[in-house]
Amino acid sequence: MADETLFEFLHMEMVAHVYKSQKQDEQEPTKCLAVLEGMGFRVGQGLIERLTKDTPTFKDELDILKFICKDLWTNIFKKQIDNLRTNHQGTYVLQDNRFHLLTQLSSSKQYLEEAPKFLAYTCGLVKGALSNLGINSTVTAEVPIMPACKFQVMILRT
């Protein structure tokens, strides 16, 4: 439990630091989200490399997404994704009904507009993990109701 608290505290401090350091810039929110996503991207690349070193190769992208939902999520957030959906055309929705990085915020709608800055790092994390497994993607997040969130992964075909 202590490591979860430390991770949540580190994440809050990263968000605060990025937003504080970008204060003079007029495009602050967009730039800050990009910085946080970039940080998560690099961590996701390294983490997935370590987690998959003894794993047999994956059959398809659905297997890779299942690995992200089970193993990667469990290693980071100590629980699996609650729901994985796909349209079988390259779009996946990962739903976490009690996302740890949003639980420190109030459950009311009052902080709903603050949620994106607490999700950018995780979007980058998933995107970096997928990138290291050979999948080019875009990852976005939305918060239907606090502290639940949905991460939408769109596979980019070349």
Report whether Val93 and Leu125 are members of the same hydrophobic cluster (ILVMFWY, side-chain heavy atoms less than 4.5 Å apart, transitive linking). no
Taking C-beta and beyond as the side chain, do Thr138 and Leu156 meet within less than 4.5 Å on heavy atoms? yes
Rounding to 0.5 Å, atoms CD1 (Ile81) and NZ (Lys66) come to a distance of 14.5 Å
Is there a side-chain contact between Trp73 and Thr122 in this structure, where contact means two heavy atoms from C-beta onward sitting under 4.5 Å apart? yes
Leu62 reachable from Ile155 in the ILVMFWY side-chain graph, under 4.5 Å edges: yes
Mind checking whether Leu133 and Phe41 sit in one hydrophobic cluster, side chains of I, L, V, M, F, W, Y counted as touching below 4.5 Å? no
Starting at CG of Leu119, measure out to CG of Leu36 and round the result to the nearest 0.5 Å. 10.5 Å
Would you mind checking if Glu61 and Arg157 are paired as a salt bridge, meaning a charged N to carboxylate O distance below 4.0 Å? yes
With side chain to side chain contact (heavy atoms under 4.5 Å, CB included) as the test, would you mind laying out the steps for Lys117 and Val18 before giving the verdict? CA-CA 10 Å; Lys117 63 183 177 186; Val18 167; over 6 Å; no
Passing option when Lys79 is tested against Thr74, Asn97, Asp96 for side-chain hydrogen bond (donor to acceptor under 3.5 Å, both in side chains): Asp96
Spatial distance of atom CG (Leu102) from atom CZ (Phe118) [nearest 0.5 Å]: 8.0 Å
Are any of the side-chain heavy atoms of Cys149 and Glu142 separated by less than 4.5 Å? no
Just how far is it from atom SG of Cys123 to atom CG of Leu33, taken to the nearest 0.5 Å? 9.0 Å
So Ser131 and Gln45, side chain to side chain contact (heavy atoms under 4.5 Å, CB included) or not? Walk me through it. CA-CA 7 Å; Ser131 171; Gln45 283 181 318; 4.0 Å; yes
List the steps and the verdict of side chain to side chain contact (heavy atoms under 4.5 Å, CB included) for Gln152 and Tyr92. CA-CA 6 Å; Gln152 182 173 6; Tyr92 299 87; over 6 Å; no
Is there a path from Phe77 to Phe67 through hydrophobic residues (I, L, V, M, F, W, Y) whose side chains come within less than 4.5 Å of each other? yes
With rounding to the nearest 0.5 Å, note down the distance linking CD1 in Ile68 to CG in Asn75. 11.0 Å
Under 6.0 Å between ring centres: does that hold for Phe151 and Phe99? yes
Does Ile48 offer a backbone N or O that forms a donor-acceptor pair with the side chain of Thr52 under 3.5 Å? yes
Find the distance between CG (Leu94) and CG (Leu84) and round it off to the nearest 0.5 Å. 5.5 Å
Would you say the side-chain atoms of Gln80 and Asp82 include a donor-acceptor pair closer than 3.5 Å? no
Is there a donor-acceptor pair closer than 3.5 Å between any side-chain N or O of Thr86 and the backbone N or O of Thr91? yes
